[in-house]
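Here the structure is laid out as structure tokens; the discussion comes afterwards.
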Amino acid sequence: MNTNDEATSAPPETAGFDVREFARTAHGSHRGTLDLGSLAEEPLDAESVRLVRALRDMERATLHRVRDLLVTATHKDARVTAFLTTWMFERFWIADALDAVLDASPAARDLPSSAGPARWVLAERRERRGPIRRSLIASITGTQIVAEHMTTGLVDEWITQAAYRRLAGASSAMASIINPVVEIKHRHIRFLAEEAERRLRRSARAQRITRRALRHAAWPLGSVDRSKHERTFFERHVFGDQSGRAEAGRIRAMVAALPGICPGVASTVESRLLP
């Protein structure tokens, strides 16, 4: 799409992903294209429906994630905030599509409650900071925290994409619904990967801050507030078998390939995905 002249004239910070085009072509409601009738002919099993609910809740929590990001220096980066606005819009409608799948799935009526006590992990204590404390700490960190946000967001998208691929494999009916979602998320991943790699490459301090965040994050992001039985279910269902462990290993390799992120940090991320 870009000519050589366009590539050379664009500043390094904005070359590559076209945020304006992303906003212009944002995907809204999916309900008109969902083949929900096929779910009646090929209904989802209870565990697949439970994964739909887990992913719906993750997508629905995007507003809270963006709130936490925007109390930090990230809100001063116009390119990132422009992306986040459309990213939040697209995830809202993905959650709405998953709601439609749940409404069309008889097994959803018999799911266990997602409520319950949270898992307590010492390494995740920083994830329990409220927005005020997060803002105060971020003010000390400064603009380097944007690299942390882009990188943890990227890893989170890799993890949820693995879950979507698992869900698409549940049935051909589900694949027809989920495959377009995976395509939408490819654009999210492209932006986050470009920003993470660029910001990590140019700052050793950003690398240190990001390594610390990756070691202590609850995966997928926001899991620190979910019940321990729902977290265990997600880990077991998405990463518990041989193909799931291979997915976790693939994520480890991608994390390790990021600038300044050592194999030890990547292995920590992998180990916290596995049940």
Side-chain angles (χ1 to χ4, degrees), residues 17-36 39 44 48-72 74-75 77-105 108 111 114-115 127 131 134 146 149-150 152-168 174-195 217-226 230 234 238:
F17 190 93
D18 189 334
V19 176
R20 289 185 179 180
E21 178 68 9
F22 175 54
R24 189 185 68 80
T25 57
H27 294 80
S29 177
H30 303 274
R31 288 193 179 239
T33 61
L34 297 178
D35 184 11
L36 298 176
L39 290 178
L44 291 174
S48 295
V49 173
R50 192 174 177 184
L51 182 57
V52 171
R53 183 180 66 178
L55 288 165
R56 186 275 314 273
D57 292 345
M58 292 173 198
E59 302 290 356
R60 195 181 268 175
T62 304
L63 178 61
H64 298 292
R65 281 181 57 188
V66 171
R67 176 205 65 189
D68 289 345
L69 295 182
L70 296 184
V71 298
T72 71
T74 295
H75 83 275
D77 190 303
R79 176 173 164 80
V80 170
T81 54
F83 167 80
L84 291 175
T85 300
T86 303
W87 176 75
M88 184 168 53
F89 173 82
E90 290 196 324
R91 286 178 63 119
F92 171 86
W93 287 112
I94 290 171
D96 179 72
L98 297 177
D99 264 331
V101 171
L102 291 173
D103 290 341
S105 300
L111 289 179
S114 60
E127 292 288 297
R134 195 185 301 268
V146 184
H149 289 159
M150 295 298 97
T152 54
L154 173 62
V155 175
D156 187 66
E157 290 285 0
W158 285 337
I159 293 166
T160 56
Q161 194 172 66
Y164 277 114
R165 283 195 292 265
R166 173 56 61 100
L167 191 55
M174 203 61 211
S176 70
I177 294 171
I178 294 302
N179 287 340
V181 171
V182 173
E183 287 302 313
I184 290 169
K185 286 185 163 290
H186 278 316
R187 294 206 298 178
H188 301 170
I189 287 172
R190 184 183 162 206
F191 175 86
L192 292 166
E194 286 186 5
E195 289 294 314
W219 303 109
L221 293 179
S223 290
V224 72
D225 295 320
R226 298 187 184 104
E230 285 299 299
F234 183 88
V238 178

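- Taking the charged nitrogens against the carboxylate oxygens, D96 and R56 have no contact shorter than 4.0 Å, which rules out a salt bridge.
- To the nearest 0.5 Å, atoms CZ (F234) and CG (L55) are separated by 6.0 Å.
- The closest side-chain heavy-atom distance from E195 to R79 is below 4.5 Å.
- Between H27 and R187, the closest side-chain pair of non-hydrogen atoms falls below 4.5 Å.
- Here the CG-CD distance, from L51 to E230, works out to 10.0 Å after rounding to the nearest 0.5 Å.
- For the pair E157 and R91, the salt-bridge criterion is met [side-chain N within less than 4.0 Å of a carboxylate O].
- When side chains are defined from C-beta on, H30 counts as touching I184, because their heavy atoms get closer than 4.5 Å.
- Note that the CG atom of L39 and the CG atom of L102 stand 10.0 Å from one another [nearest 0.5 Å].
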- Mind running salt bridge (charged side-chain N to carboxylate O under 4.0 Å, His left out) on D99 and R60 for me, showing each step along the way? CA-CA 10 Å; D99 264 331; R60 195 181 268 175; 2.7 Å; yes
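- One finds the CE atom of M174 at 10.0 Å from the CG atom of N179 (value rounded to the nearest 0.5 Å).
- When ring centroids are compared, F83 and F22 come within the 6.0 Å threshold.
- In this structure, the separation between NE2 on H188 and CH2 on W87 is 8.5 Å, given to the nearest 0.5 Å.
- Salt-bridge check for E59 with K185: passed, with a basic side-chain N closer than 4.0 Å to an acidic carboxylate O.
- Taking OH of Y164 as the start and CD1 of I94 as the end, the distance is 5.5 Å to the nearest 0.5 Å.
- At a threshold of 4.5 Å between non-hydrogen side-chain atoms, the residues S48 and L167 count as touching.
- Listed for the D156 side chain is no donor-acceptor partner under 3.5 Å among the backbone atoms of P220.
- Ion pairing between a basic and an acidic side chain is recognised when a charged N comes within 4.0 Å of a carboxylate O; D57 and R226 show no such pairing.
- Within the 4.5 Å cutoff, the side chain of V182 has heavy atoms near those of the H186 side chain.
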